[in-house]
Peer 1: 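Please read through the structure below; I'll follow up with questions.
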Amino acid sequence: MSRTVYVNGEYLPEEDAKVSVFDRGFLFADAVYEVTSILDGKILAFDGHAARLKRSLDELQMKNPISTEDLLEVHRELVKRNDLAEGMIYLQISRGNPGDRDFAFPSEDVTPTIVLFTQTANLLNSPKIATGMKVISVDDQRWARRDIKTTQLLFPSMAKMMAKAAGVDDAWLVEDGHVTEGSSNNAYIVKDGKIITRHLGSEILHGITRAAVLAYAEAAQMQIEERPFTIEEAKTADEAFITSASTFVMPVVEVDGVMLGDGKPGKSAARLREIYLEESMKQAL
Ligand code: PMP
């Protein structure tokens, strides 16, 4: 069955949902995006994603074509029209179609392009929760403003392909000898009961799930250290995990072929996943 997609104010069958070849999102990756999860037909962490979207737009001096209230309404309408119980909503805003290709940003009267679509996915019962993920390290070759959530995802795609070729689940990106983050998630190790994850900065995306999980970890009296860590340190960790909007908290059991701890998903990851799901469902819209 064809999905209903939102494009510039209209709800259209996916076959009819089209964007210009001159759109700056297509030509320059001049676009930002957000992905929210849907559980039980409810939107998780909407406010956090809406706030980060605003920040990404501001950092790129891009106009915001929609109010937060209207954006929530579009999310709800897409859930309804597509009868979505579990999955994701992808949202993208580009600088729009100036009618030609030019490096300079177009004048103020060019309106941004906004597209949202749903994706059905089995988020709660991913098989990786039981087995844990395996990751390899890959040199971080992305641009330097990873705190802005742009659609420049070619290097993360390449890193995922390197992971696939190595027979593992994902890649952890390394810069100046330290892990920045996963190809599409934030990365954590746990040593002697302490949760270690890279501090915020332009080197990583400020994960909405990261913020929530760290707040819940703190409330649960777990120790947190926000600092860079190396792959060598990760290999000697007791456990590891990742966070993202669609994976929540997912255990990592192997780094560059080295098994962590007993090779089974760790207790901290399991506990944080449980708390995260419980708390975020309470606040789901
Ligand atoms: N880092 C990167 C590079 C990502 O692509 C993502 C997922 N969008 C994350 C971290 C996790 O962010 P969030 O928890 O907001 O999904």
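In each ligand, atom 1 is the first atom listed, and ligand 1 is the first ligand listed.
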Peer 1: Find out whether the Lys NZ or Arg CZ of Arg81 is both under 6.0 angstrom from the six-membered ring centre of Tyr11 and within 45° of the ring's axis.
Peer 2: yes
Peer 1: Kindly identify the option in Gly182, Ala212, Ala187, Ser184 whose heavy atom sits closest to atom 7 (C) of ligand 1.
Peer 2: Ser184
Peer 1: If you count the atoms of ligand 1 from 1 in the order shown, which ones are under 4.0 Å from a heavy atom of Ala245?
Peer 2: 13 (P), 14 (O), 16 (O)
Peer 1: When you measure from atom 1 (N) of ligand 1 to every protein heavy atom, which one gives the shortest distance, and what is it?
Peer 2: Glu181 OE1, 2.6 Å
Peer 1: Can you give me the closest heavy-atom contact between Ser183 and Pro156, atom names plus distance?
Peer 2: O-CB, 3.6 Å
Peer 1: Just verifying a value: how many Å separate Ile224 CD1 and Ile196 CD1, rounded to the nearest 0.5 Å?
Peer 2: 11.5 Å
Peer 1: Between Phe103 and Phe28 (judged by ring centroids, cut-off 6.0 Å), do the two rings come close enough to count as a pair?
Peer 2: yes
Peer 1: Which of the numbered atoms in ligand 1 are under 4.0 angstrom from any heavy atom belonging to Gly207?
Peer 2: 12 (O), 13 (P), 14 (O), 15 (O)
Peer 1: For ligand 1 and Lys149, I'd like to know whether there is a polar contact (N/O to N/O, distance under 3.5 Å).
Peer 2: yes
Peer 1: Please output the side-chain donor-acceptor pairs of residues 203-219 that fall under 3.5 Å, not counting sequence neighbours, one pair per line with the distance.
Peer 2:
residue: His206; atom: NE2; partner: Gly201; partner atom: O; Å: 3.0
residue: Thr209; atom: OG1; partner: Ser244; partner atom: O; Å: 3.4
residue: Thr209; atom: OG1; partner: Ala245; partner atom: N; Å: 3.0
residue: Arg210; atom: NH2; partner: Arg198; partner atom: O; Å: 2.8
residue: Arg210; atom: NH2; partner: Glu226; partner atom: OE1; Å: 2.7

Peer 1: For ligand 1, note which part of Thr209 has a heavy atom under 4.0 Å away: side chain, backbone, both or neither.
Peer 2: both
Peer 1: Under a 4.0 angstrom heavy-atom cut-off, which atoms of ligand 1 come close to Asn186?
Peer 2: 10 (C), 11 (C)
Peer 1: Partners of Phe117 by ring-ring contact (aromatic ring centres under 6.0 Å, His included), sequence neighbours excluded?
Peer 2: Tyr90
Peer 1: For Arg142, counting its heavy atoms only, list the atoms of ligand 1 lying under 4.0 Å from any of them.
Peer 2: 3 (C)
Peer 1: So which heavy atom on Gly182 is nearest to which on Leu173, and how close?
Peer 2: O-CD1, 4.1 Å
Peer 1: For ligand 1, which atoms sit closer than 4.0 Å to a heavy atom of Arg52?
Peer 2: 12 (O), 13 (P), 15 (O)
